[in-house]
Amino acid sequence: MSEEEEKPSNFIRDFIDEELAANKHEQIVTRFPPEPNGYLHIGHAFAIQVSHGIAKDYNGRFHLRFDDTNPAKEEDEYVQAIKKDVSWLGADWKDHLYFTSDYFDQLFDWAIHLIKEGKAYVDDLTPEEMREYRGTLTEVGKNSPYRDRTPEENLELLEAMKAGKFEEGSKVLRAKIDMAHANMNMRDPVLYRIMHTPHHRTANKWKIYPSYDFAHGQSDAIEGITHSLCSLEFEFHRPLYNWFIENLPVPHTPRQIEFARLNVEYILTSKRKLLQLVNEGHVRGWDDPRMPTISGFRRRGYTADAINEFCYRAGVAKRERLNEYSLLEYCLRQDLEAKVHRRMAVLDPVKVTIENFPEGETEWYEGPNHPANPEMGTRKVPLTKEIYIERGDFMENPPRKFFRLGIGREVRLRYACYITCTSVVKDDEGNITEIIATFDPESRGGSTPDNRKVKGTIHWVSASENVEIEARNYGQLFTKTVPDDVEEGQTYIDNLNPNSETVSTIYGEPELKNAKIGEAFQFERKGYYVVDPDTTDTKMVFNESVGLRDSWSKKAGK
RNA sequence: AACCUGGUGGUGUAAUGGUAGCACAGCUGAUUUUGGUUCAGCUAGUCGGGGUUCGAGUCCCUGCCGGGUUGCCA
């Protein structure tokens, strides 16, 4: 791209620039703090791009920290998948891999510190009672009857909670702040809750677990995070974040800055809903090519460069936004256009018989792997008497600006020669079953001595020398740009697109036999395709990543 | 409803009191052995109303609209 001139500008970087100018930091340190309870999606890719991008551009440090404070939802499987996705995206945490659970001892000591200072207490209120006592958005809350327990009693109770002497949900440790605060987060928030569930890393060591609020800022402080970047919904937590930093003897003072999360048309970015799609079998798994997960995009053929470029172009802002899907597609095409080899494949075949082509013979033509980059080499494609072309590349009664094949019309077979259609064969229902054509022997190589022009060049595949491919073509998973936009009583499940995947058998040029899983190609005049992991020695499977821009069908569609 | 926060072309994002710019999308045209790519160009915007100022997208007041917040989730 053009990084050298386009310096990213956004309110977070402006803020950092100001601080740097005031000598507030030696080094910028950011972090990405996923909870290991699901797979990463494109929204996370955006968050990673923002935090990692800043650390990188300012020669700082980037930490990956698993925010594992809720053992009921978290699993090691997710830790592994997330690490893979983060590094695939190109965000390198080097040796800065952390877990909030690494800090459980320290966090517990800080809880004791607050109790000793008279700023935390053990509360016996039930969850329901707590809700009542908390008040509402318009009414102040009232103090818990347990709020004035002595530090000694609180210490004793907390130790007993830690030792597993109480049932889950029977007690919590709360900060003593202000039950009348306008910000609900400041109405004596919960610091610790009792959970007997084993933790994926600390096993049975703990019976109490810190809440997000009590863990996050302090973890940032421990790691020396300078800028703790998160999404807008944490804005209301910032006063609490700062309260802990101010009331605890933490080693650093991190700053929380919020920005708007990324929203993209047709895409759902909710782990819970994505999990539902997987669990209910609406998709085949987390890495289904229709999923907006990193693993889904990867399988679909999206590259890390394309995703990062998209996130970069989407920009960082403070307002809610909905990005057009076309930008994502543009970023992918742009990336693939330069990197990927060209091949020919016919997706909707109709047979063409070239009458004057010698029976049983094969002529081999050479095609460049990339039209603009000779260094990418060439490959050979075989021409035989019978070939397949795209059904849509022939019309019996073509409209005015149709450049392709029709009766009496001449087109170029890409890389090979000119053919002219002489007649068609139809079945009883009038469907074209075969196209009869002749070729000009002088046109071998794709041009003629008389230099006559042909308006159209079409792709083709030998009917006898080809490779059969299962092609999986994709549409949007949802029919609405905002999947959650539903009628009363419906859910996003009702907006699922029943035609999000179409599977068909297509024919590719023989060279495609050598394609490896994960390898991407441009099927000329059609789109970008990638080899799916379902491919075996006997069956090739390709996923459509994105179609080529198509100004003809756009025009013809009108 | 209370508090917080935000409103710039169709979409996304810049402009930090001084010519409203960039990208995507859309539309023209040129080039092209992909109706692809590339190149050139066009269309189109400061939520409304007041005020401050020589000058306001930017500052002030007000109205309208959007988003967030009432878990022992993160």
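Naming convention: chains lettered A, B, ... in sequence-line order (proteins, then strands); numbering from 1 in each chain. Worth saying up front: this structure is predicted, and the values here are computed from it rather than measured.
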Using the side-chain hydrogen bond (donor to acceptor under 3.5 Å, both in side chains) rule, pick out the option among R134(A), R147(A), H181(A), K176(A) that qualifies with D188(A).
-> R147(A)
rG48(B) and rG66(B), which share atom name C1', separated by this distance in whole Å | 15 Å
Hey, is F236(A) doing a stacking thing with rG68(B), by the 5.5 Å centroid and 30° angle criteria?
-> no
Just to confirm, is there a sub-4.0 Å distance from OP1 or OP2 of rG35(B) to any side-chain nitrogen or oxygen of R525(A)?
-> yes
Position toward the 5' end of RNA chain B (nearest nucleotide), F11(A) or K526(A) | F11(A)
Result for 5'-nearest mapping on RNA chain B, choosing between E18(A) and A372(A), is E18(A)
Using both pair distances under 3.5 Å as the test, note the stems of at least 3 consecutive Watson-Crick or G-U pairs that include RNA chain B.
-> B:2-7 with B:64-69, B:10-13 with B:21-24, B:26-30 with B:38-42, B:47-51 with B:59-63
Distances under 3.5 Å only, N/O to N/O: pair up the protein atoms with those of nucleotides 72-74 of chain B.
residue, atom, partner, partner atom, Å
rC72(B), OP2, R134(A), NH1, 3.0
rC72(B), N3, G169(A), O, 3.4
rC72(B), N4, L125(A), O, 3.2
rC72(B), N4, G169(A), O, 2.8
rC73(B), OP2, R193(A), NE, 3.1
rC73(B), OP2, R193(A), NH2, 3.0
rC73(B), O3', R193(A), NH2, 3.1
rC73(B), O2', N70(A), ND2, 3.3
rC73(B), O2', K73(A), NZ, 3.1
rA74(B), OP1, T69(A), OG1, 2.6
rA74(B), OP1, R193(A), NH1, 3.3
rA74(B), OP1, R193(A), NH2, 2.7
rA74(B), OP2, Y212(A), N, 2.9
rA74(B), O3', D67(A), OD2, 2.9
rA74(B), N6, H237(A), NE2, 3.0

R404(A) near the nucleic acid: base, sugar-phosphate alone, or nothing, with a heavy-atom cut-off under 4.0 Å?
-> base
Under the criterion side chain to side chain contact (heavy atoms under 4.5 Å, CB included), which of V172(A), N183(A), L240(A) is the partner of P189(A)?
-> L240(A)
Sugar-phosphate, base or nothing in reach of V454(A), heavy atoms under 4.0 Å | nothing
Please measure how far the C1' atom in rA20(B) lies from the corresponding atom in rU13(B), and state the result in whole Å.
-> 13 Å
Rounded C1' spacing from rU28(B) to rU62(B) in Å = 45 Å
Are any of T138(A)'s side-chain N or O atoms less than 4.0 Å away from OP1 or OP2 of rU70(B)?
-> no
Separation of atom CG in L232(A) from atom P in rC3(B), rounded to whole Å = 19 Å
Would you indicate whether E167(A), at its atom CD, is surrounded by more than 12 heavy atoms from other residues, nucleotides or ligands within a distance under 6.0 Å?
-> no
